[in-house]
Amino acid sequence: MSISESKPSNFIQEAIENDIKTNRYGGRVHTRFPPEPNGYLHIGHAKAICIDFGMAELFGGLCNLRFDDTNPVKEDTEYVDSIMEDIRWLGFDWEDRLYYASDYFDQLYEYAVELIKKGKAFVCDLSPEEIRAYRGTLTEPGKESPYRNRSIEENLALFEQMKAGAFPDGSRVLRAKIDMRSPNMNMRDPVIYRILRATHHRTGDKWCIYPMYDYAHPLSDAIEGITHSLCSLEFEDHRPLYDWFLEALEIPQPPRQIEFARLNLTRTMTSKRKLRKLIEDGFVAGWDDPRMPTLSAMRRRGFPPSAIKEFCNRVGVAKNNSVVDFAQLEHCVREELNLHAPRIMAVLNPLRVVLVNYPEGQVEEFATENNPEDPNAGVRHVPFSRVVYIERDDFMEDPPKKFFRLAPGREVRLKSAYYITCQEVVKDPQTGEIVELRCTYDPESRGGSTPDNRRVRGTLHWVSEDHAVKAEVRLYDHLFLTDDPEDGGDYLANLNHQSVEIKKNCLVEASVTAAETGARYQFLRHGYFSVDPDSTADELVFNRIVSLKDSWGKMQKS
RNA sequence: UGGGGAGUAGUGAAAUGGUAUCACGGCAGCCUUUGGAGCUGCUUUUCCAGGUUCGAAUCCUGGCUCCUCAGCCA
């Protein structure tokens, strides 16, 4: 099956197909992903990346990475590196096509001179406040600047002086001469160059004038030979301006801007300012705290990049503002990990179990499958002995009807090992807390089944006391309690104060001691976990990526 | 209230004048050496009102609701 058949079609794909059919760009498809290096990429960017690179891939075209760095006061090279890392992690490749809008500053300046010569741009001396006042409102037309009809020669001279640093910051701008009466605010003689003395992360102090996005973007696209410039919906009413620059400068085969709705997720906030506040207030540890919606956080948490890509494919491409259920993402993560994550046994809340009739000092090894979904994953051997630990939640002294696990007098299976029956519950005389279970095992049930084929309802995971290793496990939950973090108007009020639970004394199978950072496992009956970089030679630290679906847990809640 | 967009099950998407389809979620059942996974079934939809048509989610007219634009941000 080809890629185009496995994905539902969308309007952008159709538009590109049509352009190919009509030979609009000589059959070429060339897109670009244009981040501003002013912050970390988040899950919303992942959708844009998948669309930009994905469309090019689908049609055998190319996608450039271009940093849209036209505002030096906001941008930093620190972000450049993290953005590249995130895109690569998602599995996309811009090959040798790494560009910066700042690479084009000279060319962009020449284009501006050309606009002036064509009488399509002018230097305006109005202050920012005056420009705002002259712009008019949504319902009233704007007024033309008194500087609008300067001669070409004067504009040329002034613009050159702007570039040369003759004027203070903010004192003058270069504006496109379009239409102050346009109902589209973007066409009311927009500013295209401003004076700004700031050190640029790439061009240093070479420039004291910088182009605006609306001007730099279409021309950067044109310079790179971009055919389809895909962006989000809020740029829809910038499109006439995008086209205006290309037409004014008589760009042949001008690129075409197509807008799509950005991704929103339930229980997720992507506002840079608000996320920063969560960090500053110490609510999360940083931009890569596994609860954050950034790609670096998702990577640390253990989300497989393929799951994120699959998720982006599934949510589709459309023009309506939407909010996708986080469960959809979790589903993609589980689907991927179910197929590929090796299984191990880990006990998060250990309860000691002594098998009273099992010989002291004896150790057996039981073969158990690494992944029942993947026959090629093989088996491993787990050690078993007289004292094991099971999950505290897997025992109840006075169990309700549908509890299929261990209880006094009841028999259950220890996965791949033996059937055991609970004979005695040992409690702390002071607190009444259950400290130990004394059970018998059935030697006939070796490997987990008996000759008489009798059934047991429950199968528990376990670890051997003498062989298990201690680990820290971090259980994550959503950062917000409400689907919409802004519900009620205050996102801080909706914060989930139990969004992380750190469990210090977990016991995991010795087979994972050598696990590398980032390795992903399924902890049997719990969920999927990855090795956090906080792990040391002495102790592994695991992040819960996502839990397994838990029908027992669900029953208990209702 | 000017301009630009968008309205299809709870959520996201498809259907391009011809049986409203898919995924997620929820619910029920089957199966199970993971209460996982898998399988089966159910759940539930074209913003409203007119019109054109044998036939409308799709075309036309009018309305409603939501998003978006008044940075020398991107």
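Each chain gets a letter, A, B and so on, in the order its sequence line appears, and its residues count up from 1. As the structure is a prediction and not an experimental result, all values here were calculated from the model.
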Compare side-chain N and O positions of A:Asn320 against OP1 and OP2 of B:G7 and report whether any pair is under 4.0 Å apart.
yes
Expected label for B:G5 (glycosidic angle, syn inside 90° of 0, else anti) would be anti
Whether A:Lys402 contacts B:G35 is assessed here as follows: a side-chain N or O lying under 4.0 Å from the phosphate OP1 or OP2. Is that the case?
no
Is the phosphate of B:U32, meaning OP1 or OP2, less than 4.0 Å from a side-chain N or O of A:Arg457?
no
Could you tell me whether the side-chain ring of A:Trp552 sits stacked on the base of B:G35, using a centroid cut-off under 5.5 Å and a plane angle under 30°?
yes
Counting any heavy atom closer than 4.0 Å, what does A:Val73 reach on the DNA or RNA strands: base, sugar-phosphate only, or nothing?
nothing
Please state whether the base of B:G36 and the side chain of A:Arg334 form at least one donor-acceptor pair under 3.5 Å?
no
Rounded to whole Å, the CG-P distance (A:Leu460 to B:U33) equals 14 Å
Ignoring backbone atoms, establish whether A:His331 has a side-chain N or O less than 4.0 Å from OP1 or OP2 of B:C24.
yes
May I ask you to say what A:Lys415 touches in the nucleic acid, namely base, sugar-phosphate or nothing, with a heavy-atom cut-off under 4.0 Å?
base
Which base, if any, makes a Watson-Crick or G-U wobble pair with B:G18, both distances under 3.5 Å?
B:C54
Please state whether the base of B:G36 and the side chain of A:Glu373 form at least one donor-acceptor pair under 3.5 Å?
yes
Please classify the nucleic acid contact of A:Pro35 as base, sugar-phosphate, or nothing, using heavy-atom distances under 4.0 Å.
nothing
It should be established whether A:Arg314 places a side-chain nitrogen or oxygen under 4.0 Å from OP1 or OP2 of nucleotide B:G12.
no
If you compare every side-chain N and O of A:Arg194 against the phosphate oxygens of B:A74 (OP1, OP2), does one of them come in below 4.0 Å?
yes
Any N or O donor-acceptor pair linking the side chain of A:Asp237 to the base of B:G3 at under 3.5 Å?
yes
Check every strand shown and say whether A:Thr137 touches a base, only sugar-phosphate, or nothing at a heavy-atom separation below 4.0 Å.
base
Relative to the 5' end of RNA chain B, which residue comes earlier, A:Ile131 or A:Phe523, by the nucleotide with the nearest heavy atom?
A:Phe523
Any A:Ser551 side-chain nitrogen or oxygen under 4.0 Å from OP1 or OP2 of B:G36:
yes
Any donor-acceptor pair, under 3.5 Å, between the side chain of A:Gln522 and the base of B:U34, if you only look at N and O atoms?
yes
Any A:Ser9 side-chain nitrogen or oxygen under 4.0 Å from OP1 or OP2 of B:A15:
yes
Less than 4.0 angstrom between a side-chain N/O of A:Ser127 and OP1 or OP2 of B:C72, yes or no?
no
Tell me whether the guanidinium CZ or amine NZ of A:Arg267 lies under 6.0 angstrom from the six-membered ring centre of A:Phe326 and within 45° of its axis.
no
Tell which nucleotide pairs with B:A28, taking only Watson-Crick or G-U wobble pairs whose two distances are both under 3.5 angstrom.
B:U40
May I ask which nucleotide in the shown strands pairs with B:U65, Watson-Crick or G-U wobble, both distances under 3.5 Å?
B:A6
Does a side-chain N or O from A:Lys319 land closer than 4.0 Å to OP1 or OP2 of B:G4, or not?
no
Do A:Tyr134 and A:Asp189 get their side chains close enough for a donor-acceptor pair, meaning under 3.5 Å?
no
In whole angstrom, what separates A:Leu219's CG from B:A74's P?
14 Å
Whether A:Arg135 contacts B:G71 is assessed here as follows: a side-chain N or O lying under 4.0 Å from the phosphate OP1 or OP2. Is that the case?
yes
Check the phosphate of B:G71 against A:Arg132, side-chain N and O only, distance under 4.0 Å to OP1 or OP2. Yes or no?
yes
With a cut-off of less than 4.0 Å, is there a side-chain N or O of A:Lys554 near OP1 or OP2 of B:C27?
yes
OP1 or OP2 of B:A74 versus the side-chain N and O atoms of A:Thr70: is any pair under 4.0 Å?
yes
